[in-house]
Amino acid sequence: MPPMLVLGIESSCDETGVALYSTAAGGALLAHALHTQVVMHQAYGGVVPELASRDHIRRAVPLLRKVLADSGCSLREIDAVAYTQGPGLAGALLVGAAFAEALATSLGVPTVPVHHLEGHLLSPLLSSRPPCFPFIALLVSGGHSQLMHVTGVGHYELLGETLDDAAGEAFDKTAKLLGLAYPGGPALAALAEHGRPDRVKLPRPMLHSGDLDFSFSGLKTAVLTRVRESIASGGPLDEQQRADIARGFQDAIVEVLVKKSLRAVKDSGLKQLVVAGGVGANRELRRQLDARAAKSKIAVFYPELEFCTDNGAMIALAGALRLQCGAATKPAGAFAVRPRWPLADLLA
Amino acid sequence: MNLLAIETSTDVGSIALWRDGEVLLRACPTGVSHSETLLPLISATMAEAGLGFADLQGIAFGAGPGSFTGLRVACGVAQGLAFAHDLPLIPVGTLDAMALGSGGERVIVALDARMGEVYFGYFESGVALGLVGVYAPAVAPLPEFGGWLACGNGLVAYPALHERLAPFVSAWMPELMPSAQAVARLAAPRLARGEWVDPADAVPLYVRDKVAKTVAERLAEGGKA
């Protein structure tokens with residue numbers, strides 16, 4: 001198969017990402033550009049879907065121009081346009097899909113609708129030290145918490161997932177309880193660095209459930225109870241108490257993620273673990289995983305930090321890899337987004 | 001001059017090809033979302049006319065107000081098609097297009113905005129008198145004199161509005177909906193005058209701009225953060 005140049009467009013939530021990936025010479029990311037809406041949504045205390053859609057439509061063209069300029073490529077060299085078809089916010093997805101399908105129609109090239117989670121799963125392949133198939137993947141973000149057995153592009157077996165809140169969602173909600181501004185996850189992690197271990201001992205949900213599923217909504221409730229107890233017994237929390245709670249929360253969530261991930265790797269008989277998604281940028285998670293995996297001779301792979309959160313590079317990559325392994329493209333034209341799209345359906 | 005016009009602000013979508021004043025109008029199939037039908041319809045119509053995208057001099061789209069999703073489908077598709085061939089875009093107001101489509105001289109346009117409101121505007125000789133607004137039927141501003149043509153499905157959705165306007169209206173076109181034909185007719189002279197925008201600057205005209213409350217606003221109302 002001749003080398004291909006694939007444009008990737010991501011717009012499933014509050015980040016607009018555009019990237020160009022070439023399959024020439026083993027594959028390379030030629031350029032990528034991102035606009036995050038985090039500041040815009042901050043005033044609202046969370047992502048407002050309608051505002052997200054309104055912003056995406058203002059970003060696609062400037063980001064594409066930047067990517068073309070940075071890569072030195074011309075539009076005419078593009079062989080296919082990949083875009084996130086789902087899951088995500090319907091209106092936000094629709095903007096990326098409309099732009100991608102129209103661009104491809106006008107260029108006379110096919111499109112590759114990509115599953116957002118497949119993009120995350122494959123994102124560590126963009127790093128300088130990529131994993132090889134097969135591997136176990138822990139996907140942890142604001143919208144997802146899953147363990148998957150990945151044997152190749154398009155071959156994903158779901159091993160376990162959260163039964164309620166996603167890990168990143170639990171971070172953000174708990175941060176809100178502690179009075180941290182949206183998106184509080186990273187701020188909570190920073191606060192936890194100043195917390196003392198074991199001052200606040202929180203439950204480890206489903207640690208011994210015997211399966212690879214997660215549950216994080218109870219942790220948030222446990223934190224709420226602790227906050228109320230502290231306030232009842234001595235007034236508002238001081239900085240150290242808040243840090244201790246943040247530490248207790250992060251330790252609990254990290255322990256569950258680490259133990260279940262390593263169990264999944266051991267059960268599979270594999271030696272590689274891939275961690276993707278925004279929570280994969282959490283330093284404590286990385287510290288614990290690296291330390292414990294090393295003891296079991298398991299190699300842990302992370303995407304570059306900039307590719308942990310949503311981005312266009314992983315969509316261009318997923319599109320390119322799908323094309324390379326002969327997956328069917330779709331003639332540009334009609335499109336439909338899939339706001340709810342279980343990864344399991346991708347396999348069928 | 002060859003111009004493509006896209007209009008999907010409501011369920012009644014259409015596209016039009018303007019070729020030196022001659023208009024080829026095609027309706028989007030009903031009952032299917034515009035995302036499924038719009039681009040295939042455009043490709044088929046271009047082929048029917050023997051035109052490629054590189055043969056166009058510009059792309060117009062119904063910019064709004066209307067269904068937020070419909071407006072973004074039109075705008076996103078227009079951006080994508082235009083960017084590939086470095087074409088200018090001409091955003092056209094949905095109510096402006098309806099006023100033109102009605103054929104009236106002095107026109108009141110009332111398009112159902114859902115949520116108990118109408119997109120509402122006055123036009124005289126094709127020029128909007130004041131800004132298009134979104135109003136509850138009970139407070140939409142009334143004209144100062146009679147002899148208006150009133151059009152749009154807001155008249156059907158809100159009988160109260162119909163009743164308030166009745167003393168001032170001499171002709172009714174409640175069935176009139178936005179059409180790409182009117183979008184094309186408004187856009188062609190604008191394009192000729194150089195009144196176009198770069199695809200990066202093309203955005204829908206939502207009119208309904210307050211879509212969420214900030215944390216500060218919720219707290220000020222005694223709500224939760």
Side-chain angles (χ1 to χ4, degrees), chain A residues 7 9 11 40-66 68 75-76 78 81 83 90-109 111 176-177 179-182 331-337, chain B residues 4 6 8 29 32-44 46 52-54 56 59 61 67-87 89 197-204 206 208-219 223-225:
Chain A
L7 177 70
I9 298 175
S11 71
M40 179 180 80
H41 294 295
Q42 247 163 12
Y44 299 88
V47 174
V48 180
E50 174 58 24
L51 294 182
S53 306
R54 290 185 180 197
D55 198 66
H56 284 301
I57 205 155
R58 300 170 55 220
R59 306 298 174 185
V61 172
L63 290 173
L64 175 53
R65 282 208 172 110
K66 181 171 183 349
L68 289 170
L75 266 184
R76 299 286 171 272
I78 292 172
V81 180
Y83 65 91
L93 290 165
L94 202 68
V95 171
F99 182 71
E101 291 283 353
L103 184 71
T105 297
S106 204
L107 291 173
V109 300
T111 54
K176 196 171 172 181
L177 290 176
L180 299 167
Y182 172 86
F335 57 96
V337 297
Chain B
L4 169 68
I6 301 169
T8 57
V32 194
S33 72
H34 296 319
S35 65
E36 300 268 9
T37 62
L38 183 59
L39 279 165
L41 182 67
I42 290 171
S43 296
M46 298 278 291
F53 290 103
L56 295 173
I59 298 178
F61 66 100
S67 139
F68 294 164
T69 296
L71 299 182
R72 281 190 288 266
V73 166
C75 183
V77 163
Q79 286 178 334
L81 292 176
F83 188 79
H85 294 281
D86 213 7
L87 298 174
L89 288 182
V197 297
D198 182 273
D201 300 323
V203 285
Y206 297 103
R208 183 181 269 150
D209 284 325
K210 191 66 191 169
V211 295
K213 287 178 178 166
T214 63
V215 173
E217 286 164 339
R218 293 198 297 267
L219 288 174
K224 282 184 171 180

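The analysis underlying the following values was restricted to heavy atoms, covering all of them including side chains, and did not include hydrogens, waters or symmetry mates. All values reported here derive from a predicted model rather than from experimental measurement. Every chain is numbered from 1 and lettered A, B, ... according to where its sequence line falls, protein lines coming before strand lines.
For the pair A/L51 and B/V211, the minimum side-chain heavy-atom distance is below 4.5 Å.
For chain B, the nearby part of A/L75 is the side chain; its heavy atoms alone come within less than 4.5 Å. With a threshold of 4.5 angstrom between heavy atoms, B/V203 approaches chain A through side-chain atoms but not through N, CA, C or O. In this structure, chain B has heavy atoms under 4.5 Å from both the backbone and the side chain of A/R54. Contact annotation for A/L63: neither backbone nor side-chain heavy atoms come within less than 4.5 Å of a heavy atom of chain B. Heavy-atom distances place no part of B/D201 under 4.5 Å from chain A, backbone and side chain included.
Formation of a donor-acceptor pair under 3.5 Å by the A/R58 side chain with backbone atoms of B/A202 is not found in this model. In this structure a side-chain-to-backbone donor-acceptor pair under 3.5 Å is present from B/Q79 to A/I57. Side chain of B/S35 to backbone of A/F335: a donor-acceptor contact under 3.5 angstrom is found.
When the shell of 6.0 Å around CG of B/D86 is examined, it contains 12 or fewer heavy atoms from other residues, nucleotides or ligands.
Under the rule for a side-chain contact (heavy atoms from CB on, under 4.5 Å), the partners of B/A82 that lie at least two apart in sequence or sit in another chain are B/I59, B/L87, B/L89, B/P199. In this structure, the side-chain contact (heavy atoms from CB on, under 4.5 Å) partners of B/T214, at least two apart in sequence or on a different chain, are A/A43, A/Y44, B/A216, B/E217.
Scanning all heavy atoms of the two residues, the minimum distance from B/G80 to A/S106 falls at O-CB, 4.3 Å. Pairing each heavy atom of A/G45 with each of B/V215, the nearest pair is N-CG2, 3.4 Å. Residue B/V77 comes nearest to A/A102 through the heavy atom pair O-CB, 3.2 Å, listed as atom of the first residue, atom of the second, then distance. The shortest non-hydrogen separation linking B/A212 to A/V48 is CB-CG1, 3.6 Å. Nearest approach of A/A334 to B/E36, heavy atoms of both residues: CB-O, 3.1 Å.
Of the listed residues A/H56, A/R65, A/E101, the one with more heavy-atom pairs under 4.5 angstrom with chain B than any other is A/R65. Comparing A/S53, A/P62, A/G91 by heavy-atom pairs within less than 4.5 Å of chain B, the highest count is held by A/S53. The most heavy-atom pairs under 4.5 Å with chain A, out of B/G52, B/C75, B/A74, B/G76, come from B/G76.
Note: A/L103 CG to B/L81 CG = 8.5 Å, rounded to the nearest 0.5 Å. Going from atom CG of A/L107 over to atom CZ of B/F83 covers 9.5 Å, rounded to the nearest 0.5 Å.
Classification of A/E50 and B/R208 as a salt-bridged pair fails, no side-chain N sitting under 4.0 Å from a carboxylate O.
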